[in-house]
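To find a chain, count down the sequence lines: A is the first, B the second, and so on, and within it residues start at 1.
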Amino acid sequence: MSGDHLHNDSQIEADFRLNDSHKHKDKHKDREHRHKEHKKDKEKDREKSKHSNSEHKDSEKKHKEKEKTKHKDGSSEKHKDKHKDRDKEKRKEEKVRASGDAKIKKEKENGFSSPPRIKDEPEDDGYFAPPKEDIKPLKRPREEDDADYKPKKIKTEDLKKEKKRKLEEEEDGKLKKPKNKDKDKKVPEPDSKKKKPKKEEEQKWKWWEEERYPEGIKWKFLEHKGPVFAPPYEPLPENVKFYYDGKVMKLSPKAEEVATFFAKMLDHEYTTKEIFRKNFFKDWRKKIKEENEKLLKEYGFCIMDNHRERIANFKIEPPGLFRGRGNHPKMGMLKRRIMPEDIIINCSKDAKVPSPPTGHKWKEVRHDNKVTWLVSWTENIQGSIKYIMLNPSSRIKGEKDWQKYETARRLKKCVDKIRNQYREDWKSKEMKVRQRAVALYFIDKLALRAGNEKEEGETADTVGCCSLRVEHINLHPELDGQEYVVEFDFLGKDSIRYYNKVPVEKRVFKNLQLFMENKQPEDDLFDRLNTGILNKHLQDLMEGLTAKVFRTYNASITLQQQLKELTAPDENIPAKILSYNRANRAVAILCNHQRAPPKTFEKSMMNLQSKIDAKKEQLADARRDLKSAKADAKVLKDAKTKKVVESKKKAVQRLEEQLMKLEVQATDREENKQIALGTSKLNYLDPRITVAWCKKWGVPIEKIYNKTQREKFAWAIDMADEDYEF
DNA sequence: TTATTAACTTAGGAGGATCGTT
DNA sequence: AACGATCCTCCTAAGTTAATAA
């Protein structure tokens, strides 16, 4: 069963509907703000279920007890949480107005939204979840397996192995690399290694061939120039006036700046004086580009442990109006300007601390080598912390990425066991265990995200697996000739719609019915579950296992399988690339990575089609020519006509190839209309699979990875050979 | 325990840069 | 060389997870 359940035809080809996803976002709007009301009951129920495992039939009794706790809790919570309460009151009012009785009834129902105990179903075999001790041994055999399984060349983050490697390297590596010594120096000079090849882009550093720091330590030396601030606001000249209600109003520079943010979002009017504008913009852009390059050179790099590493986002985010994604409650709020006084600088003690702009000082300078960031500040919309960190090509990011795929590969080794386990858990006596098992099944089969709870009113109403609500699924005992179909329809990360109809196993279906019993649409489907509980359980099944590892694992294994399946050995390179893109697409579909169809899509498709038609005509002509040339050759039989035949043949071949290429392009583009391949390529697919595939089939890596991607995956390009297996 | 927060990964869109064609 | 389509880079929002506080 391993893997193939993920990409049966129904899921990838037939059931996936992208077409109207984007348009339908609003459909979900109304539901927002209604669901949280029931959240608190969940906690209580959970609490309750611990104690009430024995009384089974006597539901009356349970009812009463619950009512009591409920009221008690309710009153104390009120003081705790003012925000939520305000909303809650509002909603309540509405309901009371509608019907006083209804409210009471509803509360009752909610109290019981999910009984702590599960009735035995006919098919139940009374299985109890094994105590932890029974699960733990999973870890053991794994480590031993590891040793056998690992392709010799590949290093992993496994502790055991790492230790061994370290010892080895310490012994024979010391002489080769004077670097170990340097590392501890207080003020490191750039490697002598590095200094020499000044011109030809200093030798690429193969950090993956070096020893790792112990867990927790991220670096020993770190120096940088601090952040680049957003350019200060330049007030508009006096003659530009602001009108409010038809009257001129004087604005403070700050207010004026904010006003321009708004103005910028009005539709730009590209009107008169094209040439003037064109020339202006051309020059202006050139100067901007030069400026950016200068900035990059000065601020875009840091020195971390003897190496000059590229910084990802060295510019502080400029002020502006906040644009959330989807139906965001805070859209349009002012995102304020970040000042040096907001900034925390992180660097090593022995480094030169970047100097703040004149007349200003940093909020704080700290020296914390347990973290990877260089600069941080607190943003004013959500109150969250923003960071300046290194580029994906850096050692610090690359190592982590590599490790991520190694964890996913460890999952590969025990995924069957885990699947058997959760299938067993579908029958558990404990509601919590059943919910956990069904949720995990979704995460595994459908590559859903974990789904943390979110604070209401702070963000758009989106969900993941654990936060699914009853209203997000529809159960069809039978649909289109299939049994036990679950129809999912919800907004996920970035308010991207997830819509899928999936046939599930009977037990899952029955469990879902059970979970939904006596619940309102806005109640949590998994009322006994959250990401914390789930991840804790996963941690017990395998060290380092969390919900998102399943996404990585299933994405990578799917790519590998699809490549195996789709690559035809004697196809040419463009066809091979199409196969790769198709494999990549299967993953993107699995992970629901969507994009808005390009604005010019229809038109460009038509253009391509007419190109194809034209090419076809050319080809027909060429074929005719060839035929007549052949006929001539038959009659004349001289060398000249033979040559003509040859050249005509070649022309036909060339055209055929060109036509093929165009047709491949058309297919590829059509299939890709609303699917974004980049996200999975960058974040979910073990790059070594791709590298191995390229090597095996002689496809240049540049055809698959662009420059940035090659930099990010340098480690994989260097270390994977053609028989690498994920 | 549960809630909060810090740190880090994952995400799609905008718009500039580049490519291939005419 | 100009043009239009596509690619790539940047941007920063929105997730996940583990650590920490209450």
Taking N or O atoms only and anything under 3.5 Å, show me the protein contacts with nucleotides 7-11 of chain C, one pair per line.
residue, atom, partner, partner atom, Å
C:dT9, OP1, A:Thr708, OG1, 2.7
C:dT9, OP2, A:Thr708, OG1, 2.3

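- Taking A:Asn380 as the reference, nothing meets the side-chain hydrogen bond (donor to acceptor under 3.5 Å, both in side chains) condition, with sequence neighbours excluded.
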Extract from the structure each pairing of a protein N or O with an N or O of nucleotides 18-22 of chain B at less than 3.5 Å, listing the distance.
none

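- At whole-Å resolution of the value, CD in A:Glu543 and C1' in C:dT17 are 15 Å apart.
- In this structure, A:His593 reaches the B:dA11 phosphate: one of its side-chain N or O atoms is under 4.0 Å from OP1 or OP2.
- With sequence neighbours excluded, no residue forms a ring pair (Phe, Tyr, Trp, His ring centres under 6.0 Å) with A:Phe314.
- Side-chain atoms of A:Asn452 lie closest to C:dT16 of the nucleotides B:dT1, C:dT16, B:dG13.
- Note that CG of A:Leu559 and CZ of A:Arg585 are 12.5 Å apart. Values are rounded to the nearest 0.5 Å.
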| request: Report, as a single string ordered 5' to 3', how protein heavy atoms within less than 4.0 Å touch nucleotides 4-9 of chain B: B base, S sugar-phosphate only, - not at all. | output: --SBBS
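- Of the possible donor and acceptor atoms, none in the side chain of A:Asn683 sits under 3.5 Å from a partner among the backbone N and O of A:Gly678.
- The 12-atom threshold is not exceeded at CD of A:Glu617, counting heavy atoms of other residues, nucleotides or ligands nearer than 6.0 Å.
- At a cut-off of 3.5 Å, with distance as the only test, no side-chain donor of A:Thr407 or A:Tyr553 sits close to an acceptor on the other residue.
- A:Gln674 has its CD atom 15 Å from the C1' atom of B:dG13, to the nearest Å.
- A:Ser384 comes within 4.0 angstrom of nothing in the nucleic acid, heavy atoms only.
- Sorted by first and then second residue, the pairs that involve residues 378-391 of chain A and meet salt bridge (charged side-chain N to carboxylate O under 4.0 Å, His left out), not counting sequence neighbours, are A:Glu317-A:Lys386.
- If you take CH2 on A:Trp377 and CD1 on A:Ile345, they are separated by 10.5 Å, rounding to the nearest 0.5 Å.
- Residues meeting the side-chain hydrogen bond (donor to acceptor under 3.5 Å, both in side chains) test with A:Thr372, sequence neighbours left out: none.
- Checking the phosphate oxygens (OP1, OP2) of C:dT17, a side-chain nitrogen or oxygen of A:Thr546 falls inside 4.0 Å.
- Rounded to a whole Å, the CG atom of A:Asp540 is 16 Å from the C1' atom of C:dT17.
- Residues A:Ile385 and A:Ile344 form no side-chain contact, since every pair of their non-hydrogen atoms from C-beta on lies 4.5 Å or further apart.
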| said: Is there a salt bridge (charged side-chain N to carboxylate O under 4.0 Å, His left out) between A:Glu671 and A:Arg582? Walk through the geometry before answering. | reply: CA-CA 9 Å; A:Glu671 288 177 358; A:Arg582 285 193 161 148; 3.0 Å; yes
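- By the side-chain hydrogen bond (donor to acceptor under 3.5 Å, both in side chains) test, A:Ser604 is found to be paired with A:Arg669, residues two or more places apart in sequence or in another chain being considered.
- Paired with A:Thr462 under the rule side-chain hydrogen bond (donor to acceptor under 3.5 Å, both in side chains), one option of A:Arg497, A:Arg325, A:Lys454 passes, and it is A:Lys454.
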| Verdict with reasoning, A:Phe488 to A:Tyr499, per ring-ring contact (aromatic ring centres under 6.0 Å, His included) | CA-CA 5 Å; A:Phe488 291 84; A:Tyr499 183 81; 9.5 Å; no
Dump every N/O contact between nucleotides 19-22 of chain C and the protein below 3.5 Å, one line per pair.
none

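- Applying the side-chain hydrogen bond (donor to acceptor under 3.5 Å, both in side chains) rule to A:Arg710 yields no partners; only residues at least two apart in sequence or on another chain are considered.
- Atom CD of A:Gln382 is separated from atom P of C:dA14 by 7 Å (rounded to the nearest Å).
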Distances for protein N or O near nucleotides 4-6 of chain C N or O, under 3.5 Å:
residue, atom, partner, partner atom, Å
C:dA5, OP1, A:Asn607, ND2, 3.3
C:dT6, OP1, A:Arg669, NE, 2.8
C:dT6, OP1, A:Arg669, NH1, 2.6
C:dT6, OP1, A:Arg669, NH2, 2.3
C:dT6, OP2, A:Ser604, OG, 3.3

Anything under 3.5 Å between a donor and an acceptor, one on a side chain of residues 290-300 of chain A, the other on a protein residue two or more places apart or in another chain? List them.
residue, atom, partner, partner atom, Å
A:Asn292, OD1, A:Lys315, NZ, 3.4

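- In this structure, the CD atom of A:Glu453 is 14 Å from the P atom of C:dG15, given to the nearest Å.
- Atoms CZ (A:Arg449) and P (C:dA14) sit 13 Å apart, rounded to a whole Å.
- Atoms CD (A:Glu379) and P (C:dG15) sit 14 Å apart, rounded to a whole Å.
- In this structure, A:Lys370 contributes its side chain and A:Lys218 its backbone to no donor-acceptor pair below 3.5 Å.
- Closest to the side chain of A:Thr679, from the set C:dG15, B:dA11, B:dG13, is B:dA11.
- Of the residues near DNA chain C, A:Gly451 and A:Ile316, the one whose nearest nucleotide (by heavy atom distance) lies more toward the 5' end is A:Ile316.
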